[in-house]
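Read through the structure below, which is laid out as structure tokens, and then see the notes.
No experiment lies behind these values; they were computed from the predicted model shown.
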Amino acid sequence: MDSQAREQLIRAVAATIFQHSEELTALDQAIGDGDHGLNLKRGFEAVTAELPGLAEKSWPDLLKAAGMAMVMKVGGASGPLFGTFFMELGKTVGAEPDRAAVVAAFGKAVEAVKARGRSEAGQKTLLDVLVPVQAALAAGADAAAIKAEAIAAADKTVPMQAIRGRASFLGERSVGHMDPGARSSSLIIATVADELNKQGLMP
Amino acid sequence: MDSQAREQLIRAVAATIFQHSEELTALDQAIGDGDHGLNLKRGFEAVTAELPGLAEKSWPDLLKAAGMAMVMKVGGASGPLFGTFFMELGKTVGAEPDRAAVVAAFGKAVEAVKARGRSEAGQKTLLDVLVPVQAALAAGADAAAIKAEAIAAADKTVPMQAIRGRASFLGERSVGHMDPGARSSSLIIATVADELNKQGLMP
Amino acid sequence: MKKLINAVDDVLAQSLDGFAAAHADIVTLGEERKFVRRRQVKPGKVALISGGGSGHEPLHAGFVGFGMLDAACPGQVFTSPTPDQMMAAAEAVDGGAGTLYIVKNYEGDVMNFAMAAEMASGPVESLILDDDVAVENSTWTTGRRGVAGTLIVEKIVGAAAERGDDLASLKALGARVNSHTRSMGVALTSCTVPAAGKPTFSLGEDEMEMGVGIHGEPGRRRVKLASADAIAEEMLGAIVGDLSLTSATEVLLFVNGFGGTPLMELYLMQDRARKWLDGKGIKVARSLTGSYVTSLDMAGCSLTLSVLDEQAKALWDAPVHTPALRWGM
Amino acid sequence: MKKLINAVDDVLAQSLDGFAAAHADIVTLGEERKFVRRRQVKPGKVALISGGGSGHEPLHAGFVGFGMLDAACPGQVFTSPTPDQMMAAAEAVDGGAGTLYIVKNYEGDVMNFAMAAEMASGPVESLILDDDVAVENSTWTTGRRGVAGTLIVEKIVGAAAERGDDLASLKALGARVNSHTRSMGVALTSCTVPAAGKPTFSLGEDEMEMGVGIHGEPGRRRVKLASADAIAEEMLGAIVGDLSLTSATEVLLFVNGFGGTPLMELYLMQDRARKWLDGKGIKVARSLTGSYVTSLDMAGCSLTLSVLDEQAKALWDAPVHTPALRWGM
Ligand SMILES: Nc1ncnc2c1ncn2[C@@H]1O[C@H](COP(=O)(O)OP(=O)(O)O)[C@@H](O)[C@H]1O
Ligand SMILES: Nc1ncnc2c1ncn2[C@@H]1O[C@H](COP(=O)(O)OP(=O)(O)O)[C@@H](O)[C@H]1O
Ligand SMILES: [Mg+2]
Ligand SMILES: [Mg+2]
Ligand SMILES: [Mg+2]
Ligand SMILES: [Mg+2]
């Protein structure tokens, strides 16, 4: 993947977040504090502001820089969580990752998110998307299957009762709403899968 | 007029104010601060609270006591104005007033209101009712004519621009609304005329 | 109507009771809640007494204490207090040096304070405040309303009374400060008088009332909601023009919230007003930001400028110890 | 949306600029507006740094100054600040005796402060505050939210830091005060986040949200609007039960407005809360009434009780000189 392709990938992810910013904010208004769309928008604005320079970096440097930009610009819960995810990916993925390297790095990044959030899958958070996607990835799923898994996993947060995050303050009243962080994670993963597939890098 | 008749007269006036309290407040919301109905209600509650004792007093004492109750309970612009009117009536009307005495006392009371309010007829205030009613009274009008004059005089404040009172702050925007104090004065006068007529004291 | 109250008729009494209990170190409540007075009366000091309709909290009771008022008479919501209240207050805080009534220019207030003054035994003077530039001035009408500038007069005259100025000087000082102080307000929403139960006026989702009074009285005109900068410019333009301020003047800038507007927006207005004044070369030497002269739950704010000379600055800075304003002690 | 603002993106910057200009005698604004700090840093003193999402003004920046915080980091509206803000603040107010972060228990705040602490060079401790009884407590969830009680912890720990207590003692003191402090809130209307442009939630004309959070998060339940007495009873009942208060305990009673509720109603709640506590034999030894921990323009209030021992009382009474709280100097 050359720097142009990397730039295109980053821009595609950012575009998805910008398009869905209001939807994410609306989800967060229902069971949180109504800023998730704004938070991620601010984060991806910071990331795209570093283009094209950012896309010229190696994968590890690029991911660490993107993660650090999220940490320093987003705030809230999603800043440290998304930031940690990308920074950890950068730390472990290597300069020319093959599928096995990506699977391993994704696994490490998910563990880092769990440690940062002191959380697990099943608590109505973005981990409810990351964990099943990691499993699909490890099982060799193709782009379409990963995308479908991500979207379905976010939907599955609807009936859950939140144990972590702001929605946990609601107790039973958190049931019946999709978790905003799960939704945004699924959108990012779906876009990455689409892009990699389009660029011929993932079947 | 015996004390029972006097009590009936006072209760009739108070009942009129209570019935129209919301209308007066609504008028005051349009060009004032929305308390005129509440203010007079408080005043007449204080006056009726002194019944039946109040009605056993002589006319001068009764009127002075009623006026003082208004001054000490109403506040706002209407407290001193209505209070002054009744106190001054009490000071000049005499114990057994005939029509001439009432006409003279009414005139003095209107002058006292003008002095207290530093105001004149034509400024969109209760004087725009008191002054024409005084003229009708002096001209020998009967109860029905006095009542009609009072009601019509209040209506005539609608097109006026306020020069005194809270409505004056509005300048031209005070035009097109009836003055609440004019309306309340007309209601009181109409009730008194009706009562005196009913009691056979005014043709 | 959504308010934290019990019965409509208990609002004033229960609110005053809470206020008096919370600030029992500074104030006490007079009998029948006719007035709020300072705990300590200073013999030989002119007594400063203000008052007016309730619904403008912390004005005036919140300014009773060392360095400001001796007593405040709370009327019903938006209704002037009655003369017996002022008379009882004057008797309670008499220091033997006379009484100065500080009265906002509404005919109700003016007449009730005048009746109290007429019935008083000792020497009484009245100071009528009318700082609102939204209303056109003229000698043959009621004139202008007294609004947020009242706080500034009460602070400055209060400090002078504390140092022992006599009745005539205090009245003259107050009149001078009043003539150097101008305000203008804007409402984004109406207030709701508890006893009325519904909003005093109604504004569209995109409208504001420019020049509104502190009782929700209509102002100069109802216009489309504008930006903070445009609002600051209109209000300051009117004030600066009326005061004929020239560049290099030193002023106190007071951004006052009406009760329903949060501090975040008031500080934003403080910023925009300063930037505008900066551009005119007018120097903000002192400032105050907060909801001090309110109109129940109305959203909006007023801006006040008061020209400061060295004396006014020193009196503004002098120690004050009241429930709502406190510094230097 | 009706607010005194210019563009939605400028709200925070312009409000901070106004705040810093208005209180330039006490505070300065850090570069890129990353933090608000005291003008004077005291060598040898533990640095107290708090922060959190904006929209709760005067919390936290209004509590920067002598006797309270050394710095405050303002995040975007309702969004935790980022670690670079805390790191820059810690560097700016370092007195060589370590840093204590005071953090409200929201995962965003906790994680961002934690990342800052991990990247810090000197000794850093964090104090997590969770005084909101509306949320059920449990060790396996996020736990309770930090709300209005934060002010009390910041005041008491601030006074102890000022007298020279060390980092470990301050953390222990803060944890103890936090465990003796409980709050509960009620909303009568929603707040509106400027960037969102519309209310966070909607309530019917006759509804209130009992147990609401300071970001307009839903509370325990949505119920019919109740009287001030019924509201006070429900909130105090929950608080007193949770603290297991017995009669004769001395408490600080803090009636906090959420931004859209005027002082008149807050003093009324102060009265009703006192009467209720009186009935239980609980003694209100200190109190505070005002809008200090707000939620933008939300109407409503919270009640907070904090158990006072002699030490806490003395530290509460100790001099403080900040933009929003000032006494004793
Ligand atoms: N402890 C946690 N572990 C994992 N994910 C979390 C945790 N706390 C919050 N989240 C995720 O963060 C999302 C909220 O992000 P955002 O709205 O940007 O932050 P905030 O909650 O601080 O306003 C939630 O929907 C949830 O998916
Ligand atoms: N200076 C005045 N002279 C005569 N009448 C006046 C004057 N000022 C006010 N009024 C009358 O008082 C009425 C308002 O009374 P009210 O609403 O009870 O008092 P306030 O204006 O103090 O709220 C006005 O409608 C007007 O008729
Ligand atoms: Mg959120
Ligand atoms: Mg009125
Ligand atoms: Mg009135
Ligand atoms: Mg947030």
Largest heavy-atom contact set with chain C, pairs under 4.5 Å, which of [options]:
options                     : value
B/Gln29, B/Glu172, B/Glu22  : B/Gln29
B/Gly165, B/Gly117, B/Gly34 : B/Gly165
B/Thr84, B/Leu38, B/Val71   : B/Val71

Inspect the surroundings of [atom1] in [X] and state if more than 12 heavy atoms from other residues, nucleotides or ligands are less than 6.0 Å away.
X        : atom1 : answer
B/Lys114 : NZ    : yes
B/Gln4   : CD    : no
B/Lys41  : NZ    : no
B/Glu50  : CD    : yes
B/Lys73  : NZ    : no

Return the minimal non-hydrogen interatomic distance between [X] and [Y], and the atom names on each side.
X        : Y        : value
B/Arg166 : C/Glu217 : NH1-OE2, 3.8 Å
B/Arg118 : C/Val110 : NH2-CG1, 3.8 Å
C/Arg144 : B/Phe169 : C-CE2, 4.1 Å
C/Met115 : B/Pro80  : SD-CB, 3.6 Å
C/Thr82  : B/Met72  : OG1-O, 3.2 Å
C/Thr79  : B/Asp35  : OG1-OD2, 2.5 Å

Quiz item: Looking at CD of C/Glu107 and OG of B/Ser78, how far apart are the two atoms once the value is rounded to the nearest 0.5 Å?
Solution: 12.0 Å

Practice problem: Examine whether an atom of C/Phe201 lies under 4.5 Å from a heavy atom of chain B, and if so say whether it belongs to the side chain, the backbone or both; otherwise answer neither. | Solution: neither

Quiz item: Tell me, side chain or backbone of C/Asp9 under 4.5 Å from chain B's heavy atoms, or both, or neither?
Solution: neither

Contact origin within [X] toward chain C - heavy atom pairs under 4.5 Å:
X        : answer
B/Asp33  : both
B/Ala26  : neither
B/Ile163 : both

Quiz item: Taking 4.0 angstrom as the limit, do B/Arg116 and C/Glu118 come out as a salt bridge?
Solution: yes

